[in-house]
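Just so we're clear, the structure is a prediction, and the values are computed from it rather than from any experiment. Here is the naming used below: chain letters follow the sequence lines, and residue numbers restart at 1 for every chain.
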Number of protein chains: 2
Amino acid sequence: MSVTLKQLAASLGLSPTTVSRALNGFPEVNAATRRRVEQAAAAANYHPNTRAKSLATGRAQAIGHVIPLSTSHEIVNPVFADFIAGAGEVYARNGYEMILRVVPDDDEASAYRDLMARGSVDGVILHGPRIEDARVGLLAELGLPFLVHGRTSGVNTPYSWLDINNQRSFHRATEFLCSFGHSRIALINGLEEMDFARRRRNGYLEALAKAGSEPDPMLMRQGEMTEPYGYRAAQEMIQLPEPPTAFLASSIIVAYGILRGLSDLGLKLGRDISLVTHDDELSYLPNDGDVPLFTATRSSVREAGRRAASMLLRLVAEPDSGPLTELMETSLVLGASTGPVRT
Amino acid sequence: MSVTLKQLAASLGLSPTTVSRALNGFPEVNAATRRRVEQAAAAANYHPNTRAKSLATGRAQAIGHVIPLSTSHEIVNPVFADFIAGAGEVYARNGYEMILRVVPDDDEASAYRDLMARGSVDGVILHGPRIEDARVGLLAELGLPFLVHGRTSGVNTPYSWLDINNQRSFHRATEFLCSFGHSRIALINGLEEMDFARRRRNGYLEALAKAGSEPDPMLMRQGEMTEPYGYRAAQEMIQLPEPPTAFLASSIIVAYGILRGLSDLGLKLGRDISLVTHDDELSYLPNDGDVPLFTATRSSVREAGRRAASMLLRLVAEPDSGPLTELMETSLVLGASTGPVRT
DNA sequence: TCGCCTTCCCAAAGCGCTTTGGATGGTTAA
DNA sequence: TTAACCATCCAAAGCGCTTTGGGAAGGCGA
């Protein structure tokens, strides 16, 4: 079907060895010969067979992403698409393939073992780390280079990760709301078995404590971050005897739900009620413009994908470059959804 | 690192040949031997090296998904994550790997060529087909098995596809609105270079014609399907001298935007204004419950992913199974966003 | 002239698997 | 008894590439 190295070599009257070296930039080949080879390769649309190449080199030239599909709720993380887009960019630029495995989340361990044993990938990115996530230990033990998108509290062995400063983000956001006089601030969080959610709650609690406000369990909720989840949370909380005057949401999708919930009750964001949300800059839910709809802690998950991919590739190339870590700060951008507490 | 066939064979005092045949279910191996081999393989956590295997067999055991990243708007299709989740399920079950390439959309052709020449995949799924999409011709020419998610009008060569009945969906939706007395129905569509968008518009126009309503260009809009797009469209249209009494949206994300746009103007869906949207059943934007928020033409894109993957695998296994096609009908589910025209 | 580098190229082995084409020994039919 | 036949196993080639370990030819200094 497609042309092979041997054929190309034969057509040039050269040995496969020389052609290989010419194309791979080895020094011991005449400049003129190299040019000739390169031209012929381009003309024949020659691309080395990936499988043969990686069998010979021992490198898979591929990075794996295992995306767990929660067996209970079956939710696909909406953030995933943009992260992948960012990472994919980097892989493509570096000649790496991206391979995806969608697995039930109780089957993830065997997915990693399998990937390792088959030698299908040179490294993996671990998504959606939970508190004390056992996958980190497993991967370390397998000896497969990996990078965590996020972190996992309670795991002591060092590992590489890229995370945003969730705690600081929500600390700042809470602080910001407090400075407007808010003291009853609701936290509509993701599932708190997820590490990011726990950290956000910590930041929130920390800021409340600093401001001298007592946290109220009635105002704290965790759940799968869908739009209706935000809607229900907002509606239910607003009917409490002592309703919140502000909301803090863990995802822009949830924020839209809150917005709708309040709007249905005739309440207007920024005037009657304040809202700060985390904003991953999902491409189909842009929160920009002169005055964004939502005041938000903003951080591009696509950029996170890019950086995570770069870090992992570095880790694959130089396994001794030790655990690599990066903490991205978010920016707190002022939108139309916040204002002083209404008295 | 991981155990090889040769090692396993040596440890069993057998030849690699026999071990290979035992594990691959060939008949010419003693039942007892086979059992012994299987147990040893399991104990050693033996998994055949993918690259070696596929080099030997000539099959990549992988399916490629090329996802074009629009160079101009940089939007990642939100529908993509759920489609992938569905397809991934099927690949995993059949021992196929899923490989993803994120490429700028002006570079897609070379991505396919490359995938083909390197032999990295046994087939590909083509996403986001446009009108008269040239990729179909390219893939046919390359001889790479492929399946289109959607269709492409104006391409005459036969090809395999899985699509939903966009035209009929929007025909029915429009008809339904007409039956409520609506005649000024706005269409907030996706980019009409996309095949699905064109079909939806056709269905819409067809139904309008049948109902004797004149289509109004002021009420038809196309664009990238984001939330703000829906918001702006709704707000602008509602201020027209002759505003629409109903909206037809191509995506639930757009529908949320419309909802917010109307809501900001004090208009309530289902009472003041009607809205029907297409609903792909995105997992994080569920439109369900006793009475769904939106009346919708509903079709699970995750299920589409599953079916598309199955069809493609079939195509790969039996290339002569000819062009496979499937047209999924959508269901029109009644939600809270529609009602008789307000007089 | 010889010896010694360079420069440029090649033969062959090997990556881990599958598969072709036997080989071996025991059974069965004639 | 012999030939034909299974049932069961194996040696070796080959998939398309990289890489090791030369080797031939030419240039240079002594």
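- Counting only heavy atoms from C-beta outward, the side chains of A:I99 and A:S120 approach each other to under 4.5 Å.
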B:L126 vs B:L147, test: side chain to side chain contact (heavy atoms under 4.5 Å, CB included). Steps then yes/no. CA-CA 6 Å; B:L126 196 158; B:L147 183 127; over 6 Å; no

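- Note that the first and last nucleotides of DNA chain C, 5' to 3', having any atom under 4.0 angstrom from a heavy atom of chain B are C:dG16 to C:dG21.
- Ring centroids of A:H149 and A:F196 are separated by 6.0 Å or more, keeping the two rings apart.
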A:D82 vs A:F80, test: side chain to side chain contact (heavy atoms under 4.5 Å, CB included). Steps then yes/no. CA-CA 6 Å; A:D82 273 280; A:F80 192 70; over 6 Å; no

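- The residue B:R51 sits apart from the nucleic acid: no heavy atom pair falls under 4.0 Å.
- The bend of the helix from C:dT1-D:dA30 to C:dA30-D:dT1, defined by the angle between the axes of its first five and last five pairs, stands at 60° to the nearest 10°.
- Between A:D114 and A:R101 there is a salt bridge, with a side-chain nitrogen of the basic residue lying less than 4.0 Å from a carboxylate oxygen of the acidic one.
- Across residues 23-38 of chain B, B:N24, B:F26 each have a non-hydrogen atom less than 4.0 Å from an atom of DNA chain C (numbered order).
- Aromatic ring pairs are classed by plane angle as parallel below 30°, tilted from 30° to 60° and perpendicular above 60°; the pair B:Y91 and B:H65 is perpendicular.
- B:R51 and A:S54 form a side-chain donor-acceptor contact under 3.5 Å, judged by distance and modelled atom types alone.
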side-chain hydrogen bond (donor to acceptor under 3.5 Å, both in side chains) assessment of B:T18 paired with B:S15: CA-CA 5 Å; B:T18 303; B:S15 78; 3.2 Å; yes

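- Sorted by residue number, the members of residues 9-20 of chain A with any non-hydrogen atom under 4.0 Å from DNA chain C read A:G13, A:L14, A:S15, A:T17, A:T18.
- In summary, A:R151 and A:D195 do not engage in a salt bridge, as defined by a charged side-chain N under 4.0 Å from a carboxylate O.
- Partners of B:R21 according to the salt bridge (Lys or Arg N to Asp or Glu O under 4.0 Å) rule, which considers only residues two or more places apart in sequence or in another chain, are B:E28.
- Applying the side chain to side chain contact (heavy atoms under 4.5 Å, CB included) test to A:A52 and every residue at least two apart in sequence or in another chain returns A:N49, B:L55.
- Between B:Y46 and B:R21, the residue anchored nearer the 5' end of DNA chain C, judged by the nucleotide with its closest heavy atom, is B:Y46.
- Side-chain contact between A:F146 and A:L144 is absent, with no heavy atoms from C-beta onward closer than 4.5 Å.
- Without hydrogens or angle criteria, A:T57 side chain to A:K53 main chain gives a donor-acceptor distance under 3.5 Å.
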